[in-house]
Undergrad: 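Can you read through this structure? Questions will come right after.
Heavy-atom basis, side chains included; hydrogens, waters and symmetry copies ignored.
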Amino acid sequence: MKASGTGTAWGPYLLVVAGAGAGLGAIVFGAPPWAGGVILGGALILGSAIRLIVSDERAGPLAIRSRRTDVVILGVLGAALVLGSLSLLLRLHNT
């Protein structure tokens with residue numbers, strides 16, 4: 001990976017950070033917590049897909065470990081966050 005001043009590709013990383021910020025911002029500005037969690041989890045899943053598709057040089061700061069490890073970690077965390085957020089919609093009892 002190149003140093004930040006020599007042309008590192010920040011686009012994919014900033015896209016994921018913007019999506020995560022949008023999810024947190026949605027919660028802060030009054031959206032239901034499950035919606036913000038789905039947005040944030042979706043940003044992580046998007047990061048996983050980007051990391052799978054683009055080369056190591058174009059992935060920029062998303063390329064931390066091996067491609068497989070990055071894709072699995074981002075995908076699993078994103079899916080867990082989406083499923084956990086959607087589980088807030090379940091009615092488990094009548095109270």
Undergrad: Can V54 be reached from W10 by stepping across I, L, V, M, F, W or Y side chains whose heavy atoms are under 4.5 Å apart?
TA: yes

Undergrad: For W34, what are the other residues in its hydrophobic cluster, where any two members join if their side-chain heavy atoms are less than 4.5 angstrom apart?
TA: V38, I45, V82, L86, L88, L89

Undergrad: Restricting to side chain to side chain contact (heavy atoms under 4.5 Å, CB included), what partner residues turn up for L46, sequence neighbours left out?
TA: L15, I50

Undergrad: Mind checking what makes side chain to side chain contact (heavy atoms under 4.5 Å, CB included) contact with L77, not counting sequence neighbours?
TA: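 Applying side chain to side chain contact (heavy atoms under 4.5 Å, CB included) to L77 gives L44, I73.
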
Undergrad: Sequence neighbours left out, what passes side chain to side chain contact (heavy atoms under 4.5 Å, CB included) with I39? Give chain and number order.
TA: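 Testing I39 for side chain to side chain contact (heavy atoms under 4.5 Å, CB included), a comparison that skips the adjacent residues, returns A22, A26.
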
Undergrad: Residues two or more places apart in sequence or in another chain: which of them pass salt bridge (Lys or Arg N to Asp or Glu O under 4.0 Å) with R58?
TA: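 For R58, no residue satisfies salt bridge (Lys or Arg N to Asp or Glu O under 4.0 Å) once neighbours in sequence are set aside.
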
Undergrad: Is there a donor-acceptor pair closer than 3.5 Å between any side-chain N or O of S85 and the backbone N or O of L81?
TA: yes

Undergrad: Taking S48's backbone N and O only, do any of them form a donor-acceptor pair with D70's side chain (distance below 3.5 Å, no angle check)?
TA: no

Undergrad: Enter the distance from L52:CG to L74:CG here, rounded to the nearest 0.5 Å.
TA: 11.0 Å

Undergrad: My understanding is that only residues two or more places apart in sequence, or in another chain, count here; which of them pass side chain to side chain contact (heavy atoms under 4.5 Å, CB included) with I53?
TA: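 Testing I53 for side chain to side chain contact (heavy atoms under 4.5 Å, CB included), a comparison that skips the adjacent residues, returns none.
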
Undergrad: Please find the pair of heavy atoms, one from A9 and one from E57, that lie closest to each other, and give the distance.
TA: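 Smallest heavy-atom distance, with atoms named: CB-O, 3.7 Å.
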
Undergrad: Please check if the side chain of R51 supplies one atom and the backbone of A59 the other of a donor-acceptor pair under 3.5 Å.
TA: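 Side chain of R51 to backbone of A59, a donor-acceptor pair under 3.5 Å: no, none is there.
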
